[in-house]
Amino acid sequence: MTWLQRKLAVEMCMILFHLFQLVGAALVGIGIWAYIEKTHFNHAQIENIYDAIFDISLIFIILGIIIFILGLTGYIGALRENICLLYCFNILLGGIFLFLFGASVAAFLLKDKFIGKLTSIFQENVIPKYTEDDDTKSLVNWIQEQVSYLHTHTHTYIKYTDIRTVPACQQVS
(Lines give C-alpha, C1' and ligand atoms only; values in the text may rest on other atoms or scores of the structure.)
Protein backbone atom coordinates (compact mmCIF):
# COMPACT_ATOMS: atom_id res chain seq x y z
CA MET A 1 0.00 0.00 0.00
CA THR A 2 1.44 3.31 -1.02
CA TRP A 3 1.57 6.39 1.15
CA LEU A 4 -1.26 8.08 -0.80
CA GLN A 5 -3.55 5.05 -0.53
CA ARG A 6 -2.93 4.86 3.19
CA LYS A 7 -3.65 8.56 3.61
CA LEU A 8 -6.93 8.27 1.62
CA ALA A 9 -7.99 5.24 3.68
CA VAL A 10 -7.36 7.15 6.92
CA GLU A 11 -9.29 10.19 5.63
CA MET A 12 -12.26 8.03 4.57
CA CYS A 13 -12.30 6.35 8.00
CA MET A 14 -12.21 9.75 9.69
CA ILE A 15 -15.17 10.98 7.63
CA LEU A 16 -17.17 7.82 8.34
CA PHE A 17 -16.44 7.91 12.08
CA HIS A 18 -17.24 11.62 12.22
CA LEU A 19 -20.64 10.83 10.67
CA PHE A 20 -21.15 8.19 13.37
CA GLN A 21 -20.43 10.84 15.99
CA LEU A 22 -22.95 13.23 14.44
CA VAL A 23 -25.64 10.55 14.23
CA GLY A 24 -24.99 9.52 17.84
CA ALA A 25 -25.14 13.11 19.07
CA ALA A 26 -28.35 13.69 17.09
CA LEU A 27 -29.94 10.58 18.63
CA VAL A 28 -28.95 11.71 22.14
CA GLY A 29 -30.36 15.18 21.45
CA ILE A 30 -33.64 13.84 20.06
CA GLY A 31 -33.95 11.40 22.98
CA ILE A 32 -33.36 14.10 25.59
CA TRP A 33 -35.80 16.44 23.87
CA ALA A 34 -38.46 13.71 23.65
CA TYR A 35 -37.97 12.71 27.30
CA ILE A 36 -38.25 16.32 28.50
CA GLU A 37 -41.37 16.90 26.41
CA LYS A 38 -42.92 13.64 27.61
CA THR A 39 -42.29 14.32 31.30
CA HIS A 40 -43.33 17.96 30.95
CA PHE A 41 -46.69 17.31 29.30
CA ASN A 42 -47.64 13.84 30.58
CA HIS A 43 -45.90 13.94 33.97
CA ALA A 44 -44.92 10.32 33.35
CA GLN A 45 -42.29 8.82 35.61
CA ILE A 46 -40.31 5.62 35.33
CA GLU A 47 -41.71 3.21 37.90
CA ASN A 48 -40.07 -0.09 36.93
CA ILE A 49 -37.49 -1.50 34.54
CA TYR A 50 -40.08 -2.17 31.83
CA ASP A 51 -41.01 1.51 31.74
CA ALA A 52 -37.37 2.25 30.89
CA ILE A 53 -37.08 -0.57 28.35
CA PHE A 54 -40.18 0.45 26.44
CA ASP A 55 -39.54 4.19 26.64
CA ILE A 56 -38.51 5.23 23.14
CA SER A 57 -36.76 8.40 24.30
CA LEU A 58 -34.48 6.44 26.65
CA ILE A 59 -33.75 3.93 23.89
CA PHE A 60 -32.69 6.83 21.65
CA ILE A 61 -30.44 8.23 24.37
CA ILE A 62 -28.74 4.88 25.06
CA LEU A 63 -28.26 4.05 21.37
CA GLY A 64 -26.98 7.56 20.72
CA ILE A 65 -24.39 7.27 23.50
CA ILE A 66 -23.19 3.89 22.21
CA ILE A 67 -22.94 5.13 18.61
CA PHE A 68 -21.20 8.33 19.73
CA ILE A 69 -18.60 6.42 21.78
CA LEU A 70 -17.95 4.04 18.87
CA GLY A 71 -17.59 6.95 16.46
CA LEU A 72 -15.32 8.85 18.84
CA THR A 73 -12.95 5.94 19.41
CA GLY A 74 -12.82 5.22 15.70
CA TYR A 75 -12.33 8.89 14.77
CA ILE A 76 -9.56 9.59 17.25
CA GLY A 77 -7.93 6.25 16.47
CA ALA A 78 -7.93 7.03 12.74
CA LEU A 79 -6.88 10.67 13.25
CA ARG A 80 -3.87 9.87 15.41
CA GLU A 81 -3.35 6.42 13.90
CA ASN A 82 -3.61 5.14 17.46
CA ILE A 83 -3.65 1.35 17.36
CA CYS A 84 -4.97 1.10 20.93
CA LEU A 85 -8.12 3.11 20.14
CA LEU A 86 -8.65 1.22 16.91
CA TYR A 87 -8.40 -2.05 18.85
CA CYS A 88 -10.87 -0.65 21.38
CA PHE A 89 -13.22 0.23 18.51
CA ASN A 90 -12.90 -3.26 17.05
CA ILE A 91 -13.44 -4.92 20.44
CA LEU A 92 -16.54 -2.81 21.15
CA LEU A 93 -17.97 -3.51 17.72
CA GLY A 94 -17.13 -7.22 18.00
CA GLY A 95 -18.66 -7.37 21.49
CA ILE A 96 -21.90 -5.81 20.24
CA PHE A 97 -21.98 -8.24 17.33
CA LEU A 98 -21.34 -11.28 19.57
CA PHE A 99 -23.99 -10.13 22.05
CA LEU A 100 -26.61 -9.69 19.31
CA PHE A 101 -25.62 -12.97 17.70
CA GLY A 102 -25.77 -14.84 21.01
CA ALA A 103 -29.12 -13.27 21.91
CA SER A 104 -30.61 -14.22 18.55
CA VAL A 105 -29.32 -17.81 18.80
CA ALA A 106 -30.66 -18.10 22.36
CA ALA A 107 -34.03 -16.69 21.28
CA PHE A 108 -34.15 -19.19 18.43
CA LEU A 109 -33.16 -22.19 20.53
CA LEU A 110 -35.41 -21.24 23.44
CA LYS A 111 -38.22 -19.98 21.23
CA ASP A 112 -41.12 -21.25 23.37
CA LYS A 113 -39.75 -19.82 26.62
CA PHE A 114 -38.82 -16.57 24.87
CA ILE A 115 -42.28 -16.12 23.35
CA GLY A 116 -43.95 -17.01 26.65
CA LYS A 117 -41.82 -14.55 28.62
CA LEU A 118 -42.29 -11.80 26.01
CA THR A 119 -46.06 -12.36 25.99
CA SER A 120 -46.25 -12.19 29.79
CA ILE A 121 -44.14 -9.00 29.85
CA PHE A 122 -46.42 -7.38 27.29
CA GLN A 123 -49.58 -8.49 29.09
CA GLU A 124 -48.42 -7.31 32.51
CA ASN A 125 -46.57 -4.09 31.64
CA VAL A 126 -47.27 -2.76 28.17
CA ILE A 127 -50.89 -3.53 27.36
CA PRO A 128 -52.37 -1.91 30.53
CA LYS A 129 -50.53 1.32 29.62
CA TYR A 130 -51.81 1.24 26.02
CA THR A 131 -54.48 3.86 26.61
CA GLU A 132 -52.45 5.94 29.10
CA ASP A 133 -49.17 6.54 27.26
CA ASP A 134 -48.95 7.73 23.66
CA ASP A 135 -45.43 6.31 23.23
CA THR A 136 -46.55 2.86 24.36
CA LYS A 137 -49.57 3.09 22.08
CA SER A 138 -47.33 3.97 19.14
CA LEU A 139 -44.94 1.11 19.97
CA VAL A 140 -47.74 -1.47 20.18
CA ASN A 141 -49.32 -0.18 16.96
CA TRP A 142 -45.95 -0.35 15.18
CA ILE A 143 -45.44 -3.93 16.37
CA GLN A 144 -48.92 -4.84 15.12
CA GLU A 145 -48.19 -3.24 11.75
CA GLN A 146 -44.95 -5.22 11.46
CA VAL A 147 -46.75 -8.44 12.42
CA SER A 148 -49.48 -7.77 9.87
CA TYR A 149 -46.78 -6.98 7.27
CA LEU A 150 -45.15 -10.34 7.98
CA HIS A 151 -48.52 -12.07 7.76
CA THR A 152 -49.25 -10.51 4.36
CA HIS A 153 -46.01 -11.92 3.00
CA THR A 154 -46.61 -15.38 4.46
CA HIS A 155 -50.21 -15.51 3.15
CA THR A 156 -51.72 -15.83 6.64
CA TYR A 157 -52.88 -12.23 7.03
CA ILE A 158 -54.77 -11.32 10.19
CA LYS A 159 -56.09 -7.76 10.52
CA TYR A 160 -55.85 -6.41 14.09
CA THR A 161 -58.11 -3.39 14.34
CA ASP A 162 -58.48 -3.27 18.10
CA ILE A 163 -56.01 -4.07 20.85
CA ARG A 164 -58.48 -6.51 22.41
CA THR A 165 -58.49 -8.67 19.26
CA VAL A 166 -54.78 -9.50 19.48
CA PRO A 167 -54.58 -13.13 20.74
CA ALA A 168 -51.86 -12.32 23.28
CA CYS A 169 -53.93 -9.45 24.72
CA GLN A 170 -57.31 -11.16 25.09
CA GLN A 171 -56.61 -12.26 28.68
CA VAL A 172 -55.96 -8.67 29.77
CA SER A 173 -59.19 -7.20 28.36
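Note that these values count all heavy atoms, side chains included, but never hydrogens, waters or copies made by symmetry.
Residue pairs meeting the side-chain hydrogen bond (donor to acceptor under 3.5 Å, both in side chains) criterion with at least one member in residues 11-30, sequence neighbours excluded: His18-Gln21. The list of side-chain hydrogen bond (donor to acceptor under 3.5 Å, both in side chains) pairs with a residue in residues 84-97, not counting sequence neighbours, is empty. Residue pairs meeting the salt bridge (charged side-chain N to carboxylate O under 4.0 Å, His left out) criterion with at least one partner in residues 92-109, sequence neighbours excluded, are absent. The side-chain hydrogen bond (donor to acceptor under 3.5 Å, both in side chains) analysis of residues 75-85, with sequence neighbours excluded, yields the pairs Arg6-Glu81. Sorted by first and then second residue, the salt bridge (charged side-chain N to carboxylate O under 4.0 Å, His left out) pairs with a member in residues 87-100 form an empty list; sequence neighbours excluded. Note on residues 100-116: no pairs pass side-chain hydrogen bond (donor to acceptor under 3.5 Å, both in side chains), not counting sequence neighbours. Screening residues 90-103 for salt bridge (charged side-chain N to carboxylate O under 4.0 Å, His left out), with sequence neighbours left out, gives no hits. Residue pairs satisfying the salt bridge (charged side-chain N to carboxylate O under 4.0 Å, His left out) criterion with at least one member in residues 57-72, sequence neighbours excluded, are absent.
Taking Ile, Leu, Val, Met, Phe, Trp and Tyr as members and joining any whose side-chain heavy atoms lie under 4.5 Å apart, directly or through other members, Ile115 forms no hydrophobic cluster with any other residue. Members clustered with Leu98: Phe97, by chain and number, using a 4.5 Å side-chain heavy-atom cutoff among hydrophobic residues.
With sequence neighbours left out, the ring pair (Phe, Tyr, Trp, His ring centres under 6.0 Å) criterion links Phe20 to no other residue. Applying the ring pair (Phe, Tyr, Trp, His ring centres under 6.0 Å) test to Phe17 and every residue at least two apart in sequence or in another chain returns Phe89.
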